[in-house]
Structures are given as structure tokens and as C-alpha cells.
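This report refers to the structure that appears directly beneath it.
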Amino acid sequence: MKGVDMATDVLVSGQPGSGGSGATPPRAFLDVRDLRIHFPTDDGLVKAVDGLSFSLDRGKTLGIVGESGSGKSVTSLGILGLHRLGGTRVSGEVWLDGEELIGASAERVRSLRGQRMAMIFQDPLTAMHPYFTVGAQIVEAYRVHNKVSKKAARQHAIDMLGRVGIPQPARRVDDYPHQFSGGMRQRAMIAMALVNNPELLIADEPTTALDVTVQAQILDLIRDLQEEFQSAVIMITHDLGVVAELADDILVMYGGKSVEYGTAETIFRRPEHPYAWGLLGSMPRVDREVRDRLIPVKGTPPSLINLPSGCSFHPRCPYVGLDGIPCRTEIPTLAEGSDHGVACHIPPAKRQRIFSEDIAPAL
Amino acid sequence: MINFILRRVVTSVVLLIIISVVTFGVFFMVPKLAGTNPAELYVGKSATPADVAATARKLGLDQPIYVQYGRFVKGIFVGREFASGTNVNHCPAPCFGYSFRNDRPVWPTLIDRLPVTISLAVGAAVIWLLGGVLAGVISALRRGSILDRTMMIIALAGVSLPIYFTGLLAQLWFVHDLHWFKGGEYINFADDPFGWANKLFLGWVTLALLYAATYARLTRAQMLETASEDYIRTARAKGLRERSVIGKHAMRSVLTPIVTVFGLDLGQLLGGAILTESVFGLPGIGRLSIDAVSTKDLPVVLGVTLFGALFIVIANFLVDIFYAVIDPRVRIS
Ligand SMILES: Nc1ncnc2c1ncn2[C@@H]1O[C@H](COP(=O)(O)OP(=O)(O)OP(=O)(O)O)[C@@H](O)[C@H]1O
Ligand code: SF4
Ligand SMILES: [Mg+2]
């Protein structure tokens with residue numbers, strides 16, 4: 001079976017055997033099925049997310065990895081239902097604890113947003129309102145979902161700020177975001193996201209804007225808070241290093257699609273997709289010369305309006321057409337039923353051999 | 001914050017001093033350079049040179065310009081005397097001199113006219129602020145709709161049509177043809193509030209239209225820009241209702257530049273008020289200044305100009321303070 005539709009129907013899901021578009025509530029806490037998010041623009045239809053599926057249990061962390069423009073942020077906003085305004089076309093299913101959200105009313109999704117599912121944004125400088133104090137913004141996030149007095153909410157905000165490691169929280173609560181340093185601001189964002197103990201936390205590149213030491217602190221903080229609240233966490237990044245320690249599962253995105261999906265162990269030990277190999281090669285490593293580090297995958301990200309035919313990675317893939325595989329004409333699908341999905345035409349045995357013989361020694 | 005206010009007070013005062021020197025120079029030096037003696041403007045062309053000289057002496061116009069300026073400033077703060085022979089006129093502070101035309105002191109004349117101009121300005125300001133901002137917000141939220149386009153076309157017409165045109169047209173239709181509003185004399189608010197509003201209404205709308213259009217366009221652009229800000233997305237991600245996302249988070253950012261522009265416009269409103277007052281026959285400061293200019297009544301012209309400058313400086317001062325209150329980033333730096 002070939003073609004666009006089939007390609008995305010087959011997926012790796014948290015519950016074996018349920019792949020497809022049936023409306024049966026899933027067992028996993030979060031289950032995303034065949035999510036598509038398309039933006040009609042003057043230049044054409046931007047297919048930012050095109051047939052994405054994954055699932056996640058409480059207390060677990062999913063790392064979504066992909067280069068800039070692969071659709072990571074659009075995916076997370078889609079889960080939170082933040083694409084409803086404007087002409088954006090969203091389809092597929094997002095199940096949160098047995099409740100489907102894409103078809104739910106805007107008001108229902110709003111009431112869950114910030115309450116049961118929350119998000120930490122990419123850039124803490126622009127993600128907080130410059131004209132309101134940090135405290136006021138946290139208080140607001142708390143009070144919209146809880147009937148408490150202003151005073152109690154303020155105390156809760158101070159507690160949260162203290163919990164995310166902001167010194168003198170009772171004083172800093174009345175500061176404006178621009179009075180915080182970058183790392184402190186990101187901590188405040190985290191305090192705001194966690195103020196209602198959300199069961200699903202999406203962290204969209206929470207550390208890209210920060211320097212390395214602060215990065216490590218923020219990641220530790222998210223991990224500690226996750227343990228405390230048993231939240232499901234989606235950690236979005238273009239840096240495999242970030243998810244190496246944190247993630248239980250990893251999903252590799254390319255051009256709005258999932259190209260490889262499996263446990264972190266699998267993706268790091270025996271990745272099978274040529275794009276994932278490229279990402280691993282671009283990962284900074286302590287034991288390597290600085291000069292050799294961070295070789296990004298060669299070539300430019302694909303246009304989301306006119307995706308390359310067949311496998312959208314083919315213009316950049318060193319293995320394109322290997323042994324006559326139909327890379328340019330047929331869209332590869334993630335393997336069915338297994339716990340390791342790879343969207344590549346190279347036969348699995350061959351992929352594993354290429355990795356262990358050619359790729360791994362060079363890493 | 002106190003420091004900030006003090007700094008602004010000092011700059012405002014310095015600014016006023018400079019403006020007063022310049023305007024004084026312009027009104028009392030320029031006629032001299034052009035070959036006319038200001039005293040001649042007072043007594044008229046038919047007067048004898050002796051009359052002119054006596055008048056110049058009485059008004060102090062025979063003194064060097066800096067002495068004249070000194071006396072003028074003294075008059076404003078403590079009052080001054082005008083003497084001709086044994087006849088001494090005391091002009092109490094704030095003294096801006098006497099009208100060349102009717103010998104009335106300038107200050108009380110200004111004060112008499114002030115309520116009319118303020119009634120016109122405040123009414124118009126309320127209408128254009130509410131109307132303009134509301135239209136801008138609706139336009140932005142319904143971007144691309146027929147409502148949006150209609151309002152933006154009206155806005156475009158509003159900024160490009162001169163007050164003479166819209167004012168006279170409104171006068172013609174609503175007063176002469178439809179009789180919705182009464183013509184005739186200005187009515188004091190205290191005497192008859194409805195008559196007052198009735199007389200002022202078309203003036204309000206005409207003047208407001210000029211500004212409302214600008215505000216609608218500014219608000220719309222600002223709203224569209226703000227709507228794509230990250231912190232608006234954050235507000236939605238928190239689960240806030242759309243009402244607070246737009247009404248609180250977006251509006252807060254939209255209003256900041258609007259307030260700045262509003263302050264500046266309030267200061268310069270006198271310009272628009274002059275035209276509106278003459279079109280609708282309202283006896284305000286604008287009309288006073290037109291009459292004074294056409295009769296070369298220098299003290300009144302000077303008084304009105306300084307009064308206008310005071311208005312602008314105070315408005316700017318208030319805007320700066322208000323800006324510091326609403327934008328924490330200004331206050332801290
Ligand atoms: N509202 C929109 N209208 C049109 N195109 C959009 C819109 N939002 C996002 N896109 C496009 O969708 C694509 C995916 O964007 P997204 O922000 O999800 O990338 P990302 O994976 O998060 O990248 P980064 O690592 O840079 O954050 C981009 O090409 C972007 O231009
Ligand atoms: S399908 Fe072909 S082009 Fe795509 S990743 Fe596999 S080998 Fe490369
Ligand atoms: Mg992103």
C-alpha cells in the first residue's frame with residue numbers, strides 16, 4: 001500500500017493493536033493520533049504537522065527532537081488547543097486521560113489548559129507580559145482555575161517561586177520580568193506553568209536561551225518537579241544531548257512527520273533512520289574536540305508547502321536510492337506494531353548493519 | 001519615581017521659559033523689525049506721532065526688549081502697573097497686559113473663554129478615544145471582514161477630510177436641513193446642560209472624527225501586532241478566557257502608545273479647536289485667537305500663544321508621568 005494517506009495511518013502507539021483512527025479511548029494518559037496542523041497562507045498550504053502519532057504515560061518523559069522548523073512548537077500548541085483561532089486546519093485526535101480534545105468545545109479545552117496541561121515556552125524573555133509583575137502573572141494563572149482569595153493566591157505564587165529556586169521569593173514576587181535574569185525568568189515561567197500541578201507538562205526548548213550551567217539547573221528542576229507531581233512531560237529540543245538523560249521515549253521529527261520513534265535507549269544505542277544518525281553526529285560530546293562538534297545535518301530543511309516527493313528527507317540523505325529503494329517516489333512509513341518505528345525504505349537488517357559498521361564507529 | 005517627576009518638572013519649566021522668550025521676541029521684535037511700532041497697532045494709523053510716543057511710554061514699549069520681557073514676566077507673577085502721567089492702571093497677577101482693541105485685561109478674557117474650549121475639547125476627546133479605540137479593537141478582531149473594511153474606509157476619510165468640510169457639511173445637514181440640532185448662541189453648562197450638549201454636539205463629533213480615525217487605525221495596527229506576541233500566547237496557555245486575553249493582556253500593551261499619542265494630541269488640540277469653534281460659532285479660545293490675529297491685538301495673541309504652550313507642556317508632562325506609571329521599564333531606568 002502506498003500513498004500519502006496510508007503512510008500516516010500506520011503508527012507506533014502506546015497501546016499495541018490500536019493503531020489507526022478508531023475513536024476508542026486509549027489506555028495511555030496522553031495519546032496523539034494522526035495529528036495534522038495545516039496553515040493556509042498566501043504562498044500555499046503549510047503542512048507544519050502532518051500525521052503525527054505518539055503516546056505518553058504519567059510520570060514519563062517523551063523527547064521530541066528535530067531541527068528548526070520541523071513542527072515541534074506547532075505540535076505542542078496543537079495539543080494545548082492554541083491553534084483554534086484564525087484559519088488553521090487541525091485534524092486528528094488528542095486524548096488526554098480518556099478525553100478527546102480536538103473535537104471538544106473551545107471552552108472545555110480552555111478549562112483544561114493551564115490546569116491539567118501546561119507549557120513552558122521557548123523564550124522566557126518574550127513569553128511573559130512586560131507590564132505585569134511576575135507575581136501577578138502567576139497569581140492570575142492560579143486564580144483562573146481555583147476559587148481562592150488574592151492573598152492566598154499570592155502566598156501560593158511566592159511558594160512556587162521559592163520552589164523553583166528563586167531566592168527571596170517574597171520580595172521578587174513584585175518584580176517585573178525584565179528585572180529577572182534569563183535563568184530566573186525561565187524559573188518563573190516554570191513556576192507559572194506548574195502553579196496548578198498540571199498532569200501534562202510540555203517544555204518547548206526550555207533551555208535554548210540559557211547558558212550551559214543554567215541549562216543543567218533548569219533540566220534538574222523540571223525532573224525534580226516531575227517526580228514530585230508524577231506529571232507526563234514532553235521535552236522538545238533540537239539538541240539530542242538535552243533529552244539523553246531525561247527522556248524515556250524519543251520521537252524524531254522531520255518536516256512535520258515522525259521519522260523515528262522508540263525508547264530513548266533504542267534511539268541512542270541503535271538508531272536506524274539516516275536523519276537520526278545525522279542528529280547523533282551533530283551532538284556535542286565532552287570527549288571530542290570542540291572543532292569537531294556540532295556538525296549539523298547537511299542541507300536545508302524542507303519546504304513545508306512543497307515537501308520533496310517520496311521520503312521528504314531524500315534530498316539530504318546519503319543513502320537515497322540505495323539498492324534501488326524507491327526514496328523519491330514512495331513515502332516510507334513507520335514500522336507497524338513494533339516498539340521501534342523507522343520511516344525509511346532501507347530494510348531493517350540492512351539499516352542495523354549500516355549503523356553498527358559505518359555510523360557507530362565514527363560517532 | 002519622585003526623582004523622575006522632579007526631573008520632568010524642571011524640564012517643563014525650562015521649556016516654558018524658552019517658549020515665552022521666543023514668543024515674546026516674535027510678537028514684540030518682529031513688528032519693530034518690519035518697521036511698525038507695536039504702539040501704532042494700539043492707537044491706530046490715524047494717530048499723531050505724539051500719541052504713539054505717549055502710548056509707547058505708557059505700555060513700556062520704549063524700553064529695551066529685555067526690560068519689556070522682564071516686566072512682562074513680573075506681571076505674570078506679581079502684577080504690574082501701567083502709568084501715563086498721573087493716571088496709573090494696576091494690572092493684578094497674572095497680568096498678560098490689556099487688549100489693544102477693547103482695553104480689557106487679557107487673562108480674564110482667556111479665562112472667560114476657557115470653559116467653551118474645554119467643553120469642546122473634553123467632549124471631543126472622550127468621543128474620539130472611546131470611538132477610535134473601540135473601532136480599532138473591533139476591526140482588529142474581525143480583520144478582513146466587511147465591518148473591518150468599512151470602518152477603515154471611514155477612518156481614512158476621517159483623517160483626510162478637513163474640518164471646514166466635515167464641519168460645514170454637518171452644519172448644513174443636521175442644523176439647517178434636518179433641524180436635529182439648534183444653531184444660535186453658546187449655552188453655559190450650568191444654565192442648561194441639554195442646550196449646552198446640543199450646541200456642542202456637532203463640534204464634538206467633527207473634531208473627534210479627525211482624531212478618532214487616527215486612533216482607530218493606530219489601535220487596529222497595535223492590536224494586530226500585540227496579538228502575535230508570545231506573551232499573548234502565554235496568556236491563552238494559562239487557560240485565561242478570551243475576554244481577559246484581549247481585554248487585559250492585549251489592551252494593556254495597545255493602550256500604552258495610544259496614551260502617548262493622546263497626550264500629544266490633547267496639547268495640540270487648540271489647533272483643531274480654532275477651526276471647529278469658528279465653524280460652529282463657539283466663543284472659545286480658538287475664536288478669540290482668530291479675532292486677535294485679524295485685529296493685530298498683540299497682547300491677546302501673545303496670551304493665547306503662551307496659554308497654548310502651557311497646555312502642551314502640561315499635557316506632555318502628564319503623559320510622561322502616566323507613561324512611567326503604566327510602563328514599568330521606563331520607571332526603573
Ligand atoms: N501560524 C503559522 N502560519 C504559517 N506557518 C506557520 C505558523 N506557525 C508555524 N508555521 C510554520 O510551521 C513550521 C514549523 O514551525 P515550528 O515553530 O513548529 O518549528 P519548530 O520545530 O518549533 O522549530 P524551532 O526549533 O525553530 O522552534 C515552520 O516552518 C513555521 O514557519
Ligand atoms: S527512505 Fe531513502 S531517502 Fe529516506 S531516509 Fe531512507 S534511505 Fe534516506
Ligand atoms: Mg519551536
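Chain A is the first sequence line, chain B the second, and so forth, proteins listed ahead of strands; every chain is numbered from 1. Just so it is clear, the values below take in all heavy atoms, side chains as well, and ignore hydrogens, waters and symmetry mates.
Heavy atoms of Tyr142(A) lying under 4.5 Å from chain B are absent altogether. Ala118(A) does not touch chain B: none of its heavy atoms, backbone or side chain, sits under 4.5 Å away. Contacts between His145(A) and chain B at a heavy-atom distance below 4.5 Å involve the side chain alone, from C-beta outward. For Leu125(A), no part lies under 4.5 angstrom from a heavy atom of chain B. Thr256(B) touches chain A through its side chain: at least one heavy atom from C-beta onward sits under 4.5 Å away, while N, CA, C and O do not.
Remark: the Glu140(A) side chain and the His249(B) side chain contain an N/O donor-acceptor pair separated by less than 3.5 Å. Ser244(B) and Arg241(B) are not linked by any side-chain donor-acceptor pair at a separation below 3.5 angstrom, with hydrogens and angles left out of the test.
Summarising the geometry, atom OG belonging to Ser119(B) is positioned 5.5 Å from atom CG belonging to Leu200(B); distances are rounded to the nearest 0.5 Å.
Two residues are said to be in side-chain contact when any heavy atoms from C-beta on lie closer than 4.5 Å; Phe229(A) and Leu201(A) fail this criterion.
Formation of a donor-acceptor pair under 3.5 Å by the Arg143(A) side chain with backbone atoms of Val148(A) is found in this model.
The residue among Pro130(A), Ala193(A), Ala141(A), Ser111(A) with the most heavy atom pairs within less than 4.5 Å of chain B is Pro130(A).
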